[in-house]
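Taking it in order: structure first as structure tokens, then the write-up.
Scope of the values below: all heavy atoms of this structure, side chains included, with no hydrogens, waters or symmetry mates. Nothing here was measured: the structure is a model prediction, and the numbers come from that model. Just so you know, ligand 1 is whichever comes first in the structure, and atom 1 is the first atom listed for that ligand.
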Amino acid sequence: MKIVIVGGGSAGWMAAAALGRIIGEQWPIELVESEQIGTVGVGEATIPQILLFNGVVGLDEAEFLRATKGSFKLGIEFVGWGSPDDRYIHAFGGVGRDLGLIPFHHYWLQARSRGDRSGLAEYSLSAMAAARNVFMREDPLPGTPIGSAAYAYHFDASLYGAHLRTHAEKWGVKRHEGKITTVGQDGESGHVTYVELEDGRRIEGDLFIDCSGFRSLLIGETMGSSFVDWSQWLACNRAFAVPCASVEPLTPVTRATAREAGWQWRIPLQHRIGNGYVYCSDFISDEAAAETLMANLDGEPLGEPRQLKFTAGRRQDFWRGNVVALGLASGFLEPLESTSIHLVQSGLKHLVDLLPRDGIDPADVAAYNAKLTFEYEKIRDFLILHYWANGRSEPFWQRCREMEVPDTLIEKVETFRSHGRIFRFNEELFTELAWLQVMVGQNIMPRSYHPLADAPGDANVDQYLASTRELIAAKVARMPDHREYLERLCATQPAEAATNEVPA
Ligand SMILES: Cc1cc2nc3c(=O)[nH]c(=O)nc-3n(C[C@H](O)[C@H](O)[C@H](O)COP(=O)(O)OP(=O)(O)OC[C@H]3O[C@@H](n4cnc5c(N)ncnc54)[C@H](O)[C@@H]3O)c2cc1C
């Protein structure tokens with residue numbers, strides 16, 4: 001089998017590095033990219049699953065952070081969503097400590113019903129560390145039931161692609177530079193047999209991975225997998241992006257600030273801050289959106305705002321014939337919860353699970369498509385929740401509040417509203433804790449809580465909550481400043497970093 005990857009953006013090089021490491025010794029892998037076309041150049045915030053991916057590829061963390069000018073991310077801070085003055089964090093990792101048979105938040109709800117006003121974030125190590133701009137990978141107070149903070153990264157997307165390229169080439173992946181002008185197909189099966197470049201070079205293959213970005217060259221244009229449009233729920237269809245100079249402190253969170261017709265991202269890297277305004281063009285002009293972005297930067301702008309246009313949705317089939325699409329070629333869900341890079345990684349995992357052996361089996365293709373469809377739909381529902389449960393007054397937000405949302409989302413919210421219950425199905429990406437933080441953060445509060453939360457008695461519940469808060473505060477107090485920690489880690493050499501010890 002020979003694999004051909006079409007496209008050298010984050011998706012293409014993620015595929016090349018992972019497949020190169022996993023199967024590069026058995027199967028030849030080639031990648032085609034065009035400098036003339038370039039890459040989308042955004043995609044700087046991630047979720048904790050990226051640690052698994054980087055581990056599979058064999059990236060050393062300190063080297064990776066140096067190469068990509070990366071920083072640590074403990075969650076996403078949402079500003080102005082529930083109402084213009086609201087602020088909450090969707091932090092990674094645990095919230096509180098479970099006790100007995102029921103999740104922690106039922107005890108929190110029990111105490112609230114008696115007037116306790118502690119915030120959910122006070123029970124999250126990642127949230128409390130983020131609020132103080134501190135960070136540490138290891139458990140600063142080992143042996144307690146809270147553990148270490150869960151984290152992900154912010155990085156420069158182009159540098160991430162370049163870093164992965166060095167690893168992919170080390171695993172034997174061969175790169176071709178040039179623009180594909182023709183795609184050859186087998187007359188009978190319709191399978192792609194080769195791609196031809198402007199200069200006439202032909203690259204033949206058995207399995208093609210379409211990472212061609214929004215162009216969707218193979219899965220869309222050639223194989224005809226149609227686009228399933230979700231813009232009735234996720235109406236934002238444009239963005240302006242611009243970097244600005246760094247300011248102190250180096251915050252270990254992505255910030256998502258709701259604005260008149262969408263929201264603005266703020267992603268702090270070592271050397272600059274990435275910013276963008278994601279908006280719906282029915283509710284604000286391009287000029288006004290660009291002005292809003294430029295008026296709301298924390299540092300000096302480092303360029304002119306660059307516009308991107310998109311539609312939320314996915315390809316009907318992610319895998320058709322001998323073409324598997326990854327990244328923007330397979331669909332796009334806006335960056336509100338930093339899920340796109342994760343979906344590339346998840347697609348790769350399922351592809352590796354279903355790697356063809358003697359030709360392509362339609363049952364494998366169907367399984368792949370079912371898994372990815374499920375993942376996309378669950379992420380879609382989670383994103384819609386942010387828009388639907390808003391408390392803002394502008395016309396865009398009113399429309400979001402009034403839209404008809406999928407039944408699957410209504411069920412989830414109603415189950416929570418009645419007795420605070422949240423259920424995660426199958427391999428759904430977002431955990432109960434993610435849903436909990438966003439629902440509470442956007443003022444969806446349950447009418448009641450699980451009856452077992454009364455069992456310990458009020459005084460014990462109060463004591464349990466207080467001791468959890470104290471434990472978290474004690475850990476946070478021992479964590480170093482985020483930038484200081486990052487600089488020390490980046491100064492370590494691979495052998496030192498591998499021990500997970502950061503020199504003092
Ligand atoms: C506004 C915005 C913000 C985003 N923010 C985030 C975020 O914070 N977190 C996150 O996880 N994701 C984010 N994403 C998504 C993320 O950028 C992408 O998922 C990721 O970068 C993968 O892109 P890609 O490789 O699929 O496409 P691209 O980067 O567009 O790469 C496409 C590749 O295909 C090549 N190509 C295309 N046509 C041809 C041809 N004819 N011949 C040869 N080569 C060709 C191009 O040269 C290029 O190498 C964001 C996306 C947008 C639009």
| note | shortest atom 2 (C) of ligand 1-to-protein heavy-atom contact is with V42 CG2, 3.5 Å
| message | So that I can tick it off, tell me whether R272 and E44 are bridged by a salt bridge, with the cut-off set at under 4.0 angstrom between side-chain N and carboxylate O. | response | yes
| message | Which residue and atom name correspond to the protein heavy atom nearest atom 39 (C) of ligand 1, and how close is it? | response | I37 CD1, 3.3 Å
| 4.0 Å heavy-atom contact, W265 with ligand 1 | yes
| task | Among Q185, R202, R201, find the residue that satisfies the side chain to side chain donor-acceptor pair (under 3.5 Å) test when tested with Y194. | result | R202
| query | N390 and side chain to side chain donor-acceptor pair (under 3.5 Å): which partner among R401, Q442, Q398? | reply | R401
| When you check the side-chain N and O atoms of T311 and D229, is any donor under 3.5 Å from an acceptor? | no
| task | Out of L336, V183, V40, indicate the one that has the non-hydrogen atom closest to atom 30 (O) of ligand 1. | result | V40
| message | Out of G43, A157, S10, who is nearest to atom 13 (C) of ligand 1 when you count heavy atoms only? | response | G43
| task | Compare Y277, F332, F240, F310 and give the one whose heavy atom is closest to atom 50 (C) of ligand 1. | result | F332
| said: Set out, in order, the CA-CA distance, both residues' side-chain angles and the distance that settles salt bridge (Lys or Arg N to Asp or Glu O under 4.0 Å) for D381 and K412, then state yes or no. | reply: CA-CA 9 Å; D381 285 1; K412 204 132 191 165; over 6 Å; no
| said: With a cutoff of 4.0 Å, is C211 in contact with ligand 1, counting heavy atoms of the residue only? | reply: yes
| Proximal ligand 1 atoms for G178, defined as those under 4.0 Å from one of its heavy atoms | 42 (N), 43 (C)
| For atom 15 (C) of ligand 1, what's the nearest protein heavy atom and its distance? | S340 CB, 3.4 Å
| query | Taking heavy atoms and a distance under 4.0 Å, where does L217 meet ligand 1: side chain, backbone, both or neither? | reply | side chain
| Shortest protein heavy-atom distance from atom 37 (C) of ligand 1, along with the residue and atom involved | S212 O, 3.4 Å
| said: Less than 4.0 angstrom from a charged side-chain N to a carboxylate O is my criterion; do E33 and R175 meet it? | reply: yes
| Minimum non-hydrogen distance to atom 10 (C) of ligand 1, winning option of G161, A45, G8, A15 | A45
| Starting from atom 22 (C) of ligand 1, which protein heavy atom do you reach first, and at what distance in Å? | A11 N, 3.8 Å
| task | Without swapping roles, check the side chain of T222 against the backbone of I219 for a donor-acceptor pair under 3.5 Å. | result | no
| request: Identify, by atom number and element, the atoms of ligand 1 in contact range of I341, meaning under 4.0 Å from any of its heavy atoms. | output: 10 (C), 11 (O), 12 (N)
| query | Where is the nearest protein heavy atom to atom 42 (N) of ligand 1: which residue, which atom, and how far? | reply | I180 N, 2.8 Å
| Side-chain heavy atoms of F78 within contact of H90, under 4.5 Å | yes
| task | For the residue pair S346 and E375, confirm or rule out a side-chain donor-acceptor distance under 3.5 Å. | result | yes
| ligand 1 contacted by G38 (non-hydrogen, < 4.0 Å) | yes
| Test item: T339 side-chain N/O and H342 main-chain N/O as donor-acceptor pair under 3.5 Å | no
| query | So which heavy atom in the protein is nearest atom 3 (C) of ligand 1, and how far is it from that ligand atom? | reply | P335 CG, 3.5 Å
| said: Counting only heavy atoms closer than 4.0 Å, does ligand 1 sit against the backbone of E44, its side chain, both, or neither? | reply: backbone
| message | Whether the N443 and Y88 side chains hold a donor-acceptor pair (N or O, under 3.5 Å, no angle test) is what I'd like checked. | response | no
| Between T254 and K73, a side-chain donor and acceptor under 3.5 Å | yes
| said: Quick check: closest heavy atoms across D206 and N322, and the distance to 0.1 Å? | reply: O-ND2, 2.9 Å
| request: List every atom of ligand 1 that sits less than 4.0 Å from any heavy atom of A239, numbering the atoms from 1 in the order shown and giving each element. | output: 1 (C)
| request: Just jot down the ligand 1 atoms closer than 4.0 angstrom to any heavy atom of G327, in number order. | output: 26 (O)
| query | Which residue and non-hydrogen atom of the protein lie closest to atom 27 (O) of ligand 1, and at what distance in Å? | reply | G213 CA, 3.5 Å
